[in-house]
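Inspection log for the structure reproduced underneath, given as C-alpha coordinates.
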Amino acid sequence: MAQQQHRPGHHDPEFTTNPLWAAVNEYTMSHLHPSSRPNGAVLDSTLESIKSNGTPSGSTGTVQSKFLELQCRILKIKHVLEIGTLGGYTSIRIATENPRCHVTSIEVSEKHAAVARENITKAGVADRVEVLVGPALEILPTLLADIEAGKRERFGLTYIDADKLNSVNYFDFGVKMGYSGGLVVVDNMVSRGNLVVEDKRDHEHVKGGRLVVETVGKDTRVDAVVMQTVAKKNYDGFLFAAIK
Ligand SMILES: C[S@@+](CC[C@H](N)C(=O)[O-])C[C@H]1O[C@@H](n2cnc3c(N)ncnc32)[C@H](O)[C@@H]1O
(Lines give C-alpha, C1' and ligand atoms only; values in the text may rest on other atoms or scores of the structure.)
Protein backbone atom coordinates (compact mmCIF):
# COMPACT_ATOMS: atom_id res chain seq x y z
CA MET A 1 0.00 0.00 0.00
CA ALA A 2 1.40 3.43 -0.93
CA GLN A 3 2.23 5.83 1.85
CA GLN A 4 -0.47 8.28 2.89
CA GLN A 5 0.44 11.63 1.40
CA HIS A 6 -0.77 15.13 2.01
CA ARG A 7 -0.66 16.83 -1.34
CA PRO A 8 -2.90 19.86 -1.62
CA GLY A 9 -3.82 19.89 -5.32
CA HIS A 10 -1.52 18.42 -7.92
CA HIS A 11 0.57 21.09 -9.56
CA ASP A 12 2.14 19.88 -12.75
CA PRO A 13 5.21 21.93 -13.75
CA GLU A 14 4.61 21.05 -17.40
CA PHE A 15 0.98 22.15 -17.33
CA THR A 16 -0.02 23.97 -20.52
CA THR A 17 -3.30 25.18 -21.94
CA ASN A 18 -3.98 24.45 -25.59
CA PRO A 19 -5.86 27.47 -27.02
CA LEU A 20 -7.81 25.40 -29.54
CA TRP A 21 -8.97 22.87 -26.97
CA ALA A 22 -9.89 25.77 -24.68
CA ALA A 23 -11.88 27.44 -27.45
CA VAL A 24 -13.80 24.23 -28.23
CA ASN A 25 -14.60 23.86 -24.51
CA GLU A 26 -15.83 27.42 -24.30
CA TYR A 27 -17.91 27.27 -27.47
CA THR A 28 -19.59 23.96 -26.65
CA MET A 29 -20.19 24.71 -22.98
CA SER A 30 -21.58 28.16 -23.81
CA HIS A 31 -24.39 26.35 -25.64
CA LEU A 32 -24.69 23.11 -23.70
CA HIS A 33 -24.27 24.45 -20.17
CA PRO A 34 -24.40 28.26 -20.35
CA SER A 35 -23.79 30.45 -17.28
CA SER A 36 -27.50 31.29 -17.35
CA ARG A 37 -28.28 27.77 -16.06
CA PRO A 38 -29.59 27.83 -12.47
CA ASN A 39 -26.25 26.58 -11.12
CA GLY A 40 -24.11 28.69 -13.51
CA ALA A 41 -23.45 31.52 -11.08
CA VAL A 42 -22.62 29.25 -8.17
CA LEU A 43 -20.22 27.15 -10.26
CA ASP A 44 -18.45 30.31 -11.44
CA SER A 45 -18.28 31.69 -7.90
CA THR A 46 -16.90 28.35 -6.64
CA LEU A 47 -14.00 28.61 -9.10
CA GLU A 48 -13.52 32.28 -8.14
CA SER A 49 -13.42 31.42 -4.44
CA ILE A 50 -10.76 28.75 -5.09
CA LYS A 51 -8.58 31.46 -6.66
CA SER A 52 -9.30 34.14 -4.08
CA ASN A 53 -8.60 31.78 -1.17
CA GLY A 54 -5.24 30.85 -2.65
CA THR A 55 -6.25 27.19 -2.99
CA PRO A 56 -4.67 25.25 -5.89
CA SER A 57 -6.43 25.47 -9.25
CA GLY A 58 -6.93 21.71 -9.51
CA SER A 59 -10.70 21.56 -9.89
CA THR A 60 -11.89 18.97 -12.39
CA GLY A 61 -12.45 20.59 -15.80
CA THR A 62 -15.93 21.87 -16.58
CA VAL A 63 -16.49 19.30 -19.34
CA GLN A 64 -15.24 16.30 -17.35
CA SER A 65 -17.23 17.41 -14.32
CA LYS A 66 -20.33 17.81 -16.50
CA PHE A 67 -19.78 14.31 -17.88
CA LEU A 68 -19.74 12.87 -14.34
CA GLU A 69 -22.89 14.81 -13.48
CA LEU A 70 -24.58 13.26 -16.54
CA GLN A 71 -23.43 9.76 -15.58
CA CYS A 72 -25.20 10.22 -12.25
CA ARG A 73 -28.37 11.20 -14.05
CA ILE A 74 -28.22 8.41 -16.65
CA LEU A 75 -27.54 5.73 -14.04
CA LYS A 76 -29.97 7.28 -11.50
CA ILE A 77 -27.20 7.29 -8.91
CA LYS A 78 -28.29 8.35 -5.43
CA HIS A 79 -24.99 8.18 -3.54
CA VAL A 80 -21.64 9.45 -4.82
CA LEU A 81 -18.25 9.23 -3.15
CA GLU A 82 -15.56 11.70 -4.17
CA ILE A 83 -11.97 11.38 -2.96
CA GLY A 84 -10.37 14.85 -3.15
CA THR A 85 -12.86 17.69 -2.67
CA LEU A 86 -10.71 20.81 -3.18
CA GLY A 87 -13.21 23.71 -3.36
CA GLY A 88 -16.24 21.50 -3.95
CA TYR A 89 -16.63 22.12 -7.68
CA THR A 90 -17.57 18.61 -8.81
CA SER A 91 -19.61 17.86 -5.69
CA ILE A 92 -21.63 21.02 -6.29
CA ARG A 93 -22.10 20.26 -9.98
CA ILE A 94 -23.34 16.74 -9.29
CA ALA A 95 -25.64 17.76 -6.42
CA THR A 96 -27.13 20.84 -8.09
CA GLU A 97 -27.99 18.95 -11.28
CA ASN A 98 -29.17 15.76 -9.57
CA PRO A 99 -31.64 16.75 -6.84
CA ARG A 100 -31.90 13.23 -5.41
CA CYS A 101 -28.17 12.66 -5.28
CA HIS A 102 -26.14 12.70 -2.04
CA VAL A 103 -22.40 13.31 -2.23
CA THR A 104 -19.82 12.27 0.34
CA SER A 105 -16.47 13.91 -0.38
CA ILE A 106 -13.17 13.30 1.44
CA GLU A 107 -10.56 16.04 1.76
CA VAL A 108 -7.27 15.95 3.67
CA SER A 109 -6.75 19.72 3.85
CA GLU A 110 -8.74 21.60 6.52
CA LYS A 111 -8.37 24.74 4.45
CA HIS A 112 -9.75 23.21 1.25
CA ALA A 113 -12.59 21.61 3.20
CA ALA A 114 -13.52 24.97 4.75
CA VAL A 115 -13.59 26.64 1.31
CA ALA A 116 -15.63 23.73 -0.06
CA ARG A 117 -18.18 23.85 2.76
CA GLU A 118 -18.69 27.57 2.24
CA ASN A 119 -19.25 26.99 -1.49
CA ILE A 120 -21.56 24.03 -0.84
CA THR A 121 -23.66 26.14 1.53
CA LYS A 122 -23.83 28.98 -1.04
CA ALA A 123 -24.96 26.44 -3.64
CA GLY A 124 -27.84 25.42 -1.37
CA VAL A 125 -26.85 21.74 -1.27
CA ALA A 126 -25.35 21.48 2.24
CA ASP A 127 -28.11 19.02 3.18
CA ARG A 128 -26.88 16.59 0.49
CA VAL A 129 -23.12 17.16 0.30
CA GLU A 130 -21.01 16.01 3.20
CA VAL A 131 -17.28 16.81 3.41
CA LEU A 132 -15.25 14.46 5.61
CA VAL A 133 -11.87 15.85 6.61
CA GLY A 134 -8.82 13.64 6.91
CA PRO A 135 -6.54 11.35 4.92
CA ALA A 136 -8.73 9.23 2.68
CA LEU A 137 -6.99 6.00 3.67
CA GLU A 138 -8.04 6.61 7.26
CA ILE A 139 -11.65 7.55 6.45
CA LEU A 140 -12.44 4.89 3.83
CA PRO A 141 -12.31 1.90 6.22
CA THR A 142 -14.91 3.58 8.46
CA LEU A 143 -17.20 4.24 5.47
CA LEU A 144 -16.82 0.62 4.37
CA ALA A 145 -17.58 -0.63 7.90
CA ASP A 146 -20.72 1.57 7.98
CA ILE A 147 -21.86 0.17 4.62
CA GLU A 148 -21.24 -3.39 5.75
CA ALA A 149 -23.16 -2.71 8.96
CA GLY A 150 -26.09 -1.34 6.93
CA LYS A 151 -25.61 2.18 8.35
CA ARG A 152 -24.79 3.75 4.99
CA GLU A 153 -25.97 3.25 1.41
CA ARG A 154 -23.60 1.85 -1.21
CA PHE A 155 -22.09 4.32 -3.69
CA GLY A 156 -23.20 4.24 -7.32
CA LEU A 157 -20.17 6.32 -8.35
CA THR A 158 -16.79 6.63 -6.66
CA TYR A 159 -14.74 9.44 -8.18
CA ILE A 160 -11.03 9.28 -7.36
CA ASP A 161 -9.17 12.59 -7.68
CA ALA A 162 -6.59 12.97 -4.91
CA ASP A 163 -3.01 11.76 -4.26
CA LYS A 164 -2.26 9.66 -7.31
CA LEU A 165 -0.05 6.99 -5.73
CA ASN A 166 -3.02 5.92 -3.65
CA SER A 167 -5.54 5.87 -6.51
CA VAL A 168 -5.17 2.10 -6.72
CA ASN A 169 -6.00 1.71 -3.02
CA TYR A 170 -8.98 4.04 -3.32
CA PHE A 171 -10.12 2.00 -6.32
CA ASP A 172 -10.30 -1.15 -4.21
CA PHE A 173 -12.46 0.65 -1.64
CA GLY A 174 -14.64 2.06 -4.43
CA VAL A 175 -15.39 -1.43 -5.72
CA LYS A 176 -16.05 -2.80 -2.23
CA MET A 177 -18.41 0.09 -1.46
CA GLY A 178 -20.22 -0.02 -4.80
CA TYR A 179 -22.75 -2.36 -6.38
CA SER A 180 -23.16 -4.27 -9.61
CA GLY A 181 -23.67 -1.73 -12.39
CA GLY A 182 -22.05 1.06 -10.36
CA LEU A 183 -18.99 3.02 -11.51
CA VAL A 184 -15.51 3.74 -10.22
CA VAL A 185 -13.79 6.60 -12.07
CA VAL A 186 -10.14 7.63 -11.71
CA ASP A 187 -9.05 11.07 -12.93
CA ASN A 188 -5.72 12.24 -14.42
CA MET A 189 -4.80 8.88 -15.88
CA VAL A 190 -3.09 10.02 -19.07
CA SER A 191 -1.00 13.07 -18.04
CA ARG A 192 -0.36 14.41 -21.56
CA GLY A 193 0.47 10.89 -22.72
CA ASN A 194 3.23 10.52 -20.13
CA LEU A 195 1.45 7.36 -19.03
CA VAL A 196 3.42 5.54 -21.74
CA VAL A 197 6.61 7.67 -21.87
CA GLU A 198 9.61 5.73 -20.60
CA ASP A 199 11.51 8.60 -18.92
CA LYS A 200 8.41 9.87 -17.08
CA ARG A 201 7.99 6.68 -15.07
CA ASP A 202 8.99 8.42 -11.83
CA HIS A 203 6.31 11.11 -12.08
CA GLU A 204 3.69 10.60 -9.38
CA HIS A 205 0.76 10.78 -11.81
CA VAL A 206 2.40 8.28 -14.17
CA LYS A 207 3.35 5.83 -11.41
CA GLY A 208 -0.12 6.07 -9.92
CA GLY A 209 -1.81 5.78 -13.32
CA ARG A 210 0.20 2.73 -14.42
CA LEU A 211 -0.45 1.01 -11.12
CA VAL A 212 -4.19 1.58 -11.64
CA VAL A 213 -4.20 0.31 -15.24
CA GLU A 214 -2.13 -2.78 -14.45
CA THR A 215 -4.03 -3.64 -11.27
CA VAL A 216 -7.49 -3.00 -12.68
CA GLY A 217 -6.60 -5.08 -15.74
CA LYS A 218 -6.33 -8.13 -13.45
CA ASP A 219 -9.34 -7.23 -11.32
CA THR A 220 -12.13 -9.65 -12.16
CA ARG A 221 -14.69 -7.57 -10.20
CA VAL A 222 -14.78 -4.86 -12.90
CA ASP A 223 -14.67 -4.13 -16.62
CA ALA A 224 -12.81 -0.90 -17.44
CA VAL A 225 -11.48 1.46 -20.09
CA VAL A 226 -9.28 4.56 -20.15
CA MET A 227 -10.95 7.37 -22.10
CA GLN A 228 -8.43 9.96 -23.34
CA THR A 229 -9.69 13.54 -23.26
CA VAL A 230 -8.53 16.93 -24.41
CA ALA A 231 -10.06 19.96 -22.82
CA LYS A 232 -9.36 23.48 -21.70
CA LYS A 233 -6.99 22.22 -19.05
CA ASN A 234 -4.98 19.54 -20.74
CA TYR A 235 -4.60 16.25 -22.58
CA ASP A 236 -5.54 13.73 -19.95
CA GLY A 237 -8.11 11.01 -19.33
CA PHE A 238 -10.37 9.08 -17.01
CA LEU A 239 -10.39 5.40 -16.17
CA PHE A 240 -14.00 4.22 -16.10
CA ALA A 241 -14.74 0.92 -14.42
CA ALA A 242 -18.14 -0.73 -14.30
CA ILE A 243 -18.62 -3.06 -11.37
CA LYS A 244 -19.77 -6.50 -12.56
C1 LIG B 1 -7.45 17.65 -7.89
S2 LIG B 1 -8.00 18.20 -6.36
C3 LIG B 1 -9.68 17.65 -6.34
C4 LIG B 1 -10.60 18.41 -7.25
C5 LIG B 1 -12.06 18.08 -7.05
N6 LIG B 1 -12.30 16.66 -7.23
C7 LIG B 1 -12.93 18.86 -8.01
O8 LIG B 1 -13.46 18.26 -8.95
O9 LIG B 1 -13.05 20.06 -7.86
C10 LIG B 1 -7.23 17.08 -5.27
C11 LIG B 1 -7.61 17.24 -3.82
O12 LIG B 1 -7.24 16.03 -3.14
C13 LIG B 1 -6.83 16.37 -1.83
N14 LIG B 1 -6.01 15.27 -1.30
C15 LIG B 1 -4.70 15.00 -1.55
N16 LIG B 1 -4.29 13.94 -0.86
C17 LIG B 1 -5.37 13.50 -0.16
C18 LIG B 1 -5.59 12.43 0.74
N19 LIG B 1 -4.60 11.60 1.08
N20 LIG B 1 -6.82 12.27 1.28
C21 LIG B 1 -7.84 13.12 0.94
N22 LIG B 1 -7.68 14.16 0.10
C23 LIG B 1 -6.47 14.35 -0.45
C24 LIG B 1 -6.05 17.66 -2.05
O25 LIG B 1 -5.88 18.39 -0.85
C26 LIG B 1 -6.89 18.38 -3.10
O27 LIG B 1 -7.80 19.25 -2.51
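Indexing begins at 1, ligand by ligand and atom by atom, following the structure's order.
Residue H112 places at least one N or O, backbone or side chain, under 3.5 Å from an N or O of ligand 1. Residue contacts with ligand 1: G88 is placed with no nitrogen or oxygen under 3.5 Å of a nitrogen or oxygen of the ligand (distance criterion only). In terms of polar-atom proximity, Y159 is not counted as a contact of ligand 1, lacking any N or O under 3.5 Å from an N or O of the ligand. In terms of polar-atom proximity, defined here as any N/O pair under 3.5 Å, G87 makes no such contact with ligand 1.
If you check each of T90, I92, D163, V133 against atom 8 (O) of ligand 1, the one with the closest non-hydrogen atom is T90. The residue among V108, T55, I50 with a heavy atom at the shortest distance from atom 21 (C) of ligand 1 is V108. Considering only non-hydrogen atoms, atom 20 (N) of ligand 1 lies nearest to A136 out of A136, A162, S91, P56.
Of the possible polar contacts, none joining the E107 side chain to the A113 backbone as a donor-acceptor pair under 3.5 Å is found. With R128 contributing its side chain and N98 its backbone, the two residues share a donor-acceptor pair below 3.5 Å. Side-chain atoms of D236 come within 3.5 Å of backbone atoms of V190 as a donor-acceptor pair (strictly under, hydrogens ignored). Counting only distance, with no hydrogens or angles, the side chain of R154 and the backbone of H79 share no donor-acceptor pair below 3.5 Å. Within the 3.5 Å criterion, the main-chain N or O of N25 finds a donor-acceptor partner in the side chain of T28.
Residue contacts with ligand 1 include G134, since one of its heavy atoms falls under 4.0 Å from the ligand. Note on ligand 1: S65 sits outside its first shell, no heavy atom being nearer than 4.0 Å.
Between E97 and R37 there is a salt bridge, since a side-chain N of the basic residue sits under 4.0 Å from a carboxylate O of the acidic one. By the 4.0 Å N-to-carboxylate-O rule, D219 lies too far from K244 to be salt-bridged with it. Under a 4.0 Å N-O distance rule, the pair R100/E153 does not qualify as a salt bridge. Taking a cutoff of 4.0 Å between a charged side-chain nitrogen and a carboxylate oxygen, K207 and E204 do not qualify as a salt bridge.
For ligand 1 and Y170, the ligand atoms under 4.0 Å from any heavy atom of the residue are 18 (C), 19 (N). Applying the 4.0 Å criterion to heavy atoms of Y89 picks out, from ligand 1, the atoms 9 (O). Counting the atoms of ligand 1 from 1 in the order shown, those under 4.0 Å from a heavy atom of E82 are 5 (C), 6 (N), 7 (C), 8 (O). Atoms of ligand 1 found under 4.0 Å from any heavy atom of L86 (numbered from 1 in listed order, with element): 2 (S), 3 (C), 4 (C), 27 (O). Using a 4.0 Å cut-off to heavy atoms of T60, the atoms of ligand 1 that qualify are 6 (N), 7 (C), 8 (O), 9 (O). The distance from ligand 1 to the heavy atoms of G84 drops below 4.0 Å at these ligand atoms: 3 (C), 4 (C), 5 (C), 6 (N), 11 (C), 12 (O). Those atoms of ligand 1 that come under 4.0 Å of a heavy atom in P135, given as number and element, are 20 (N).
For the side chain to side chain donor-acceptor pair (under 3.5 Å) test with N188, the passing option among Q64, H205, K164 is K164; the others fail.
At a heavy-atom distance under 4.0 Å, only backbone atoms of T85 (N, CA, C or O) approach ligand 1. Contact annotation: for S59 versus ligand 1, heavy atoms closer than 4.0 Å belong to both the backbone and the side chain.
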Check against salt bridge (charged side-chain N to carboxylate O under 4.0 Å, His left out), E214 and K218: CA-CA 7 Å; E214 289 164 29; K218 296 188 203 93; 6.0 Å; no
